[in-house]
Amino acid sequence: MKKIIKNFISEIDKKNSHEPEFMQAVKEIAETVLPYIVSKDIYHGKNILMRMVEPERVLMFRVNWVDDNGEIQVNRGYRVQMNSAIGPYKGGLRFHPTVNLSILKFLALEQVFKNSLTTLPMGAGKGGSDFDPKGKSDGEVMRFCQSFMTELHRYIGPNTDIPAGDIGVGGREIGYMFGQYKKLKKEFTGVLTGKGLSWGGSLIRPEATGYGTVYFAENMLNHVSNTIKGKTVVISGSGNVAQYAAEKCLQLSAKVISMSDSSGTIYDKDGIDSEKLNFIMNLKNLKRGRIHEYVDQYPNSIFFKDKTPWGISCDIALPCATQNELNENDAKILIKNGCICVSEGANMPCEPDAINVFKLNKILYAPGKASNAGGVAVSGLEMAQNSLRYSWSREEVDSKLKEIMKDIHSSCLTHGQEKDYVNYEKGANIAGFIKVADAMLAQGVV
Ligand code: NDP
Ligand code: 2IT
């Protein structure tokens with residue numbers, strides 16, 4: 001089996017060796033899915049995984065815009081349309097200076113499995129730009145978004161490809177892009193998700209990824225007769241996913257003692273209560289400030305410059321910032337300090353060696369494609385509401401979200417149970433694979 005996996009990786013590597021994040025995601029999937037394929041006649045010998053890791057289409061385009069000083073700026077825009085076997089392409093847009101094809105292809109590949117796990121009819125895509133919204137005025141962000149959509153609108157549509165937010169893309173950016181799409185197409189449709197409530201958005205979509213990550217952690221804990229109640233939690237990031245993960249932890253009576261951004265980590269031994277979390281939300285979403293400002297407001301807390309939260313003793317760790325933000329050493333320290341559960345809010349935040357440490361120590365570990373699927377799941381519910389021209393209540397959406405996270409947990413158990421340990425990574429990969437593979441086989445070689 002090792003040889004089959006090695007040959008597969010080296011074949012994919014021939015064309016993609018310059019894309020480290022994409023190759024990392026391919027390896028992680030191949031190691032668990034190839035043994036399953038080999039064991040099943042219906043999948044074996046059909047190059048099904050080979051087809052799945054090759055994007056159906058990659059769009060790359062220039063984005064010109066004029067800054068507040070009247071200077072012309074040039075950025076690069078992308079949309080990776082990865083797989084449309086089970087539905088239209090669906091996945092977020094990321095605006096961050098590090099964005100490149102490797103990162104977007106890894107995210108699009110993860111999205112294939114994640115969207116399949118949600119049980120909703122969504123294919124997978126991912127896009128974005130190397131544009132950095134940090135420090136830009138609203139006018140600059142608007143002009144960039146309009147220019148980005150002026151090109152992207154040709155390739156997307158409510159039945160073709162439905163983008164949403166990701167790092168650097170929140171309600172403001174979705175609004176500007178929606179406005180430009182509507183103007184160009186002369187159509188008011190559900191072409192984007194994460195829209196404002198008064199123009200087609202869904203209740204709970206802003207909260208969904210963070211809430212879902214915590215629901216998944218609670219499902220894992222309940223499965224071993226434990227609960228999140230009373231546990232101490234550290235969270236990386238302080239953006240959309242991190243904020244609502246923290247909110248749900250508080251609602252479930254856990255204590256959150258740390259959050260972060262790319263400049264460092266805050267540690268509040270008394271706990272970040274709802275008033276303090278509200279301060280962080282205002283700081284990040286309205287003032288677009290930095291996390292160290294928390295310490296000025298709450299002097300009992302400490303700011304660790306350029307540090308991640310993984311050195312802080314906790315029961316539960318929720319990595320909610322970005323890829324490869326938690327390495328092998330961090331994993332060892334977490335375990336040494338008593339951490340029993342890691343639920344990924346971000347996409348691929350734990351390095352492969354860190355995941356191995358979690359598995360060797362048999363702690364609860366959920367990969368993002370399972371635990372952060374709540375965001376895209378509620379995007380799917382937003383699409384359904386748009387098609388119905390109707391909207392569901394907060395309680396209705398939240399209960400559907402809870403149900404979906406529970407179903408994903410069950411799918412992981414079905415395919416990931418190994419003697420006395422649940423390998424959630426394996427379970428998520430195989431369960432996600434089956435639905436897409438079956439659809440691809442049914443639809444022929446296209
Ligand atoms: P936001 O832009 O709202 O927040 C991102 C947070 O992560 C910020 O605190 C940011 O800090 C921090 N961060 C970003 N890049 C880095 C870096 N290189 N090093 C350290 N910190 C960093 O994004 P989201 O909260 O939406 O996304 C966070 C993660 O969750 C991403 O991995 C995303 O792919 C994933 N995700 C998001 C979903 C969604 O619905 N939004 C759904 C599923 C997954 P700073 O402000 O300093 O940059
Ligand atoms: O990574 C993700 O799942 C997202 N950024 C959300 C995608 C979506 O279409 O809601």
Side-chain angles (χ1 to χ4, degrees), residues 21 87-99 103-104 106-115 117-118 120 122-128 132-135 156 161-174 190-195 201-202 204-213 235-246 259-266 280-281 283-285 288-292 306-309 318-326 344-350 367-383:
E21 293 86 359
Y89 306 110
K90 179 83 197 88
L93 295 169
R94 178 178 290 191
F95 293 169
H96 195 271
T98 56
V99 161
I103 289 179
L104 294 179
F106 114 64
L107 289 164
L109 180 60
E110 292 286 288
Q111 203 83 43
V112 174
F113 292 75
K114 185 194 308 192
N115 293 5
L117 284 169
T118 63
L120 302 174
M122 298 183 290
K126 199 86 190 191
D132 186 359
K134 265 200 212 95
I156 62 175
D161 185 351
I162 306 93
D166 193 81
I167 291 178
V169 178
R172 174 182 62 170
E173 291 74 18
I174 294 291
V191 66
L192 294 163
T193 58
K195 299 184 290 299
S202 173
I204 301 279
R205 177 60 189 92
E207 294 90 337
T209 313
Y211 279 17
T213 302
I235 300 177
S236 65
S238 46
N240 171 266
V241 180
Q243 291 172 15
Y244 289 104
M259 291 179 78
S260 70
D261 67 16
S262 58
S263 67
T265 290
I266 52 137
I280 293 178
M281 287 181 170
L283 174 72
K284 286 286 164 183
N285 307 345
R288 298 187 187 271
R290 308 303 297 157
I291 199 72
H292 66 77
D306 295 330
K307 290 275 191 292
T308 55
L318 305 176
C320 296
T322 193
Q323 66 276 354
N324 293 329
E325 54 165 321
L326 195 163
E344 295 184 344
N347 286 305
M348 210 168 77
C350 299
K369 59 171 80 74
S371 47
N372 75 33
V376 75
V378 175
S379 277
L381 300 179
E382 182 172 331
M383 289 163 65

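The figures here come from the full heavy-atom set of this structure, side chains too, leaving out hydrogens, waters and symmetry mates. In each ligand, atom 1 is the first atom listed, and ligand 1 is the first ligand listed.
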Backbone or side-chain N or O of N372 under 3.5 Å from ligand 2 N or O
no

Among all the protein's non-hydrogen atoms, which is closest to atom 13 (N) of ligand 1, and how far away is it?
A321 CB, 4.1 Å

Of all the atoms in ligand 1, which lie at a distance below 4.0 Å from a heavy atom belonging to G345?
30 (O), 35 (C), 36 (N), 44 (C)

Where is the nearest protein heavy atom to atom 45 (P) of ligand 1: which residue, which atom, and how far?
S262 OG, 3.5 Å

Between T193, T209, N115, which is the residue that forms a side-chain contact (heavy atoms from CB on, under 4.5 Å) with V376?
N115

Number the atoms of ligand 2 from 1 as they appear, then name those within less than 4.0 Å of a heavy atom of S379, with their elements.
8 (C), 9 (O), 10 (O)

Under 4.0 Å, counting heavy atoms only: does M122 come that close to any atom of ligand 2?
no

Is it true that Q111 lies under 4.0 Å from ligand 2, counting heavy atoms only?
yes

The answer for which part of E325 has a heavy atom under 4.0 Å from ligand 1 is neither

Using distance alone, decide if ligand 2 has a nitrogen or oxygen within less than 3.5 Å of any nitrogen or oxygen in A164.
no

Any G165 heavy atom less than 4.0 Å from ligand 2:
yes

Quick check: does A242 get an N/O under 3.5 Å from an N/O on ligand 1?
no

If we only consider heavy atoms of K126, is any one of them less than 4.0 Å away from an atom in ligand 2?
yes

Which residue and atom name correspond to the protein heavy atom nearest atom 18 (N) of ligand 1, and how close is it?
T322 CG2, 3.7 Å

